[in-house]
Amino acid sequence: MKSIIRFIPLILFVLLGVLLYRGLFLNPQAMPSAMIGKPLPDFQLPMLKATDKMVGREDLKGNIVLLNVWATWCIQCKYEHPYLLDIIKDKRIKLYGLNFTDDHSAALRWLKQYKDPYVFSIFDEQGALGLDIGVFGAPETFVIDHTGIIRKRFAGPINTQVWNNEFLPLIETIEAEMSQDES
Amino acid sequence: MIPELGHFALIIGLAFALCLSIVPLIGVAQNNQQLINSAKPLSFGLFLFVGISIVLLAYSFTVDDFSVKYIANHSNSLLPYYFKISAVWGGHEGSMLLWIFALTVWTFAVSIHSKQLEKEFVARVLAIMGMIAVGFIFFTLLTSNPFERLLPNSPMEGQDLNPLLQDIGLIIHPPFLYMGYVGFSVAFAFAIAALMAGKMDAAWARWSRPWTVAAWSFLSIGIALGSWWAYYELGWGGWWFWDPVENVSFMPWLAGTALIHALAVTEQRNTFKHWTLLLAILTFSLNLLGAFLVRSGVITSVHSFAVDPGRGLYLLILLAVAVGGSLTLYAFRSAKVSTPSRFTFYSRENTILVAISILITATITILLGTLYPLIIDAMGLGKISVGAPYFNAVFVPMMIALFLFMGIGPLIRWKKARKGELSKHLNAISVVSVIFGAAWPFIFAGEFSISAFIGMTLGCWIVLAVLKDVFNNAKQADGSLKFSAVPLNHIGMAVAHAGIAITVIGVTMVSTYEKEINVKMAPGESTNLSGYTIEFGGTKNILGPNYSAVQGQVKVSLDNEFVTLLKPEQRTYKVQRTGMTEAAIHTTLWRDIYVALGDPLDKNSWSMRLYYKPFIVWIWLGAFFMAFGGFLAILSKRYRKRVAVKQQGINQPNNEVLKEA
């Protein structure tokens, strides 16, 4: 009996090892969204820079649309910002902003101070659209393909590495699908 | 050329490590003195060549050799030279090299300070440390080589060190932390060597004690520096976030604290041997687990390293071999370890046993909290994160219990407390502590606060208990006091316990009485913060070596008397285009005034965060007391007396005393 007790630490460690091994193949940053594979829900919200003008789903023009959720209270958005200015050089994509539960004047100052990478930003003061597509926090970025289907949701700030590993392969896939659809 | 030499030196280091892990063990098996003696020069060779390797990497940093990938990613020609050197450990690859270097420093130190030990035993210990070195040098060379070149297309300029790391805190925090982490490999190696030899007597504990205390002291300082760095560099005024990376440094500290107490009992009373063995294995295992968690990407954290699944798999295999191997060895060999446990309920042994149990429980609680998101994810139940509320809710009550026992431990007798004696020691100090704790909130803030009461009572209780203990030990038969008669290791214990009390007081005061205000201020405006007048005098634009900054001019005064001019900055680093908040802090022993510049608002006004943090330096000051106490204990003569006793052939004095008893 006593000799079995001495194996307990080893057994516990083996269990822990199995867990850690499983953990290696999980990605803590991959946030599944129920919306993936579904079309972007329709909405009617004002534009940030012209609140008297309402925009909807059909205003997000472009073959590959990136919808970036941002806010001035979000530290990581500040980190992400220069990278956003970088990625809009890729002409295959159109970047739209979803200004999420934010202060209107603060958001305008932000865009003025740091430059505006977006075609336009949607002003979602109550977080209505955010709720519909399941936003956890900012920053988050959604990829919507040419048929209006949400293909990806990335939680956390984009940087060069993330862009190259997470987004570029998907953009190439969508491009390939597009040329297939045309032919 | 130079980076290749560094790479080559590391490979030679690997060769030394391989020889060190094999040759001395062959010597022990064949009883070949020549092979046994080879452990010492092999340790030196390992230390020398890994040392050359890290020096050459630092040299390549200082000469801006951006053809080296690691340097191109972590340095820049505009970086000041001291940050170029500290950038050596600013990323994953180089910090692995620092880890290995720390390991070789400990290996070499054991090899030269082991004259009082049996040669066979030292050979085993060094061989085990050699094996650990083999594992980690292989890992570094195969998956994380800091000397990898970017040829032929080498960049002209580096991408710069992360601005958060361009700081004095980064220069000194990792070396201390790694010396602490890796230092526990010595206790681990001693435990494994004892299991291999099938011999675990009190002498073993005496040999391994100073090494373990040294590692613990380094780790205490390392964690304190990390907390201090987070406090002033992250700009949020917090000093502990329960972030996974902090947790993986804290768990070995808790387990290590349990280990040094178990070792004390094993040495002095020749019991608790299973605890000591298991805790030595556990503490080092937690270090390896920490390396795995931080460097494999299984857990998200604010400061995890670049992620690569190959690295994670290798580290997991390393973890499995080291921990699985040692626990298997324990399972089969520990039957030989006899533990005569002859102590009663009211005894110092039992008090320490309770303390060890609490420390282990706390360690496991933190481990569970850290791994819980992973467990949930692995079972496919979704994504969650465990934050400070969980950790505070479970950790604080355990610590309160622990601190109560901390006051009893030094004052209770080994084996069996004499009737009435303990209460005689404790009555007065417990009454004084409660009165002090109850009075303090009224004196400081004019109203009662339960958290301040508990914290200040416990802090006072711990200090009075060790003071009383030192007095008891200094008391001579004739009633006079002779402090020189108190052994140095005993003074060390008292200082370290007092360090805990200082930290407890700091934590209590900060968490009870800190003030935070967020204000919008235009030049000339002022605001009130806990009695201090904070006046914003506008901003200046300044230029640093590799950044530009807006610097706020903030005048702090108390009762119309000028206290200080604080200059918080909003920096923009040119290369990485990142903004950085540099908080400005005015520190005294009694309080910090902390000012962080927020964002520019309309016209000239700025948003600002102002904090008043009473007693916050006590948190880190306490850690330095702990480490100082640890180092005092190491200097104690008792750890050097061994030679004479052994040569007389009186092998296990404690054992014999116990057999008679």
Side-chain angles (χ1 to χ4, degrees), chain A residues 2-34 72-86 103 105-110 112-115 134 136-137 155-157 159-162 165, chain B residues 159 234-236 244 274 277-278 281-282 285 289 292-293 296-301 304 306-307 309-313 315-317 319-320 323-335 337 364 367 371 373-375 377-380 382-383 385 576-579 581 599-602 607:
Chain A
K2 251 201 147 177
S3 59
I4 295 172
I5 291 175
R6 283 191 288 272
F7 282 90
I8 289 176
L10 184 62
I11 294 163
L12 289 175
F13 172 71
V14 171
L15 291 176
L16 179 69
V18 171
L19 171 72
L20 295 177
Y21 182 75
R22 284 225 35 162
L24 271 181
F25 301 99
L26 301 168
N27 181 4
Q29 273 171 344
M31 285 270 194
S33 164
T72 55
W73 43 259
C74 148
I75 310 286
Q76 300 210 61
C77 296
K78 203 170 284 180
Y79 163 85
E80 182 183 59
H81 198 84
Y83 297 103
L84 293 182
L85 291 169
D86 237 25
D103 179 61
S105 55
L108 286 180
R109 267 199 308 279
W110 166 295
K112 212 166 138 192
Q113 193 190 343
Y114 298 118
K115 280 206 214 147
F136 267 82
N159 57 34
T160 313
Q161 203 188 352
V162 168
N165 296 340
Chain B
Q159 290 174 7
L234 294 184
W236 294 106
H274 287 277
L277 281 172
L278 279 176
I281 296 172
L282 174 72
S285 306
L289 178 71
F292 169 77
L293 289 179
S296 68
V298 294
I299 271 172
T300 38
S301 154
S304 49
V307 172
R311 286 174 190 162
L313 195 60
L315 282 172
L316 190 60
I317 293 170
L319 189 70
V323 184
S326 51
L327 288 176
T328 310
L329 192 65
Y330 172 82
F332 286 103
R333 299 299 290 267
S334 65
V337 176
I364 292 171
L367 183 66
L371 292 180
L374 180 62
I375 298 173
D377 197 0
M379 297 198 303
K383 306 268 183 182
S385 70
Q576 296 205 336
R577 292 177 300 180
T578 26
T581 303
D599 303 310
L601 303 171
D602 46 316
S607 76

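All chains are named by letter (A, B, ...) in the order of the sequence lines, taking the proteins before the strands, and each is independently numbered beginning at 1.
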Engineer: Any chance you could measure A:L19, atom CG, to B:L374, atom CG, to the nearest 0.5 Å?
Structural biologist: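 So the gap between those two atoms works out to 4.5 Å.
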Engineer: In terms of heavy-atom proximity below 4.5 Å to chain A, should B:I281 be classed as side chain, backbone, both, or neither?
Structural biologist: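 Contact with chain A involves no heavy atom of B:I281 at all.
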Engineer: Go through B:L371 and A:L16 one step at a time and tell me if the side-chain contact (heavy atoms from CB on, under 4.5 Å) criterion holds.
Structural biologist: CA-CA 10 Å; B:L371 292 180; A:L16 179 69; 3.4 Å; yes
Engineer: Would you please name every residue forming a side-chain contact (heavy atoms from CB on, under 4.5 Å) with B:L316, sequence neighbours left out?
Structural biologist: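 side-chain contact (heavy atoms from CB on, under 4.5 Å) list for B:L316, sorted by chain: A:L20, A:Y21, A:L24, B:F292, B:L319.
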Engineer: Assess the pair A:F7 and B:F332: is the distance between their ring centroids shorter than 6.0 Å?
Structural biologist: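 Yes, they do, as the ring centres are separated by less than 6.0 Å.
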Engineer: Which heavy atom of A:P9 sits nearest a heavy atom of B:L278, and at what distance?
Structural biologist: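 Closest approach of A:P9 to B:L278, heavy atoms only: CG-CD2, 3.9 Å.
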Engineer: With rounding to the nearest 0.5 Å, note down the distance linking CG in B:L282 to CZ in A:F13.
Structural biologist: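 Answer for the CG-CZ pair, B:L282 versus A:F13, is 11.0 Å.
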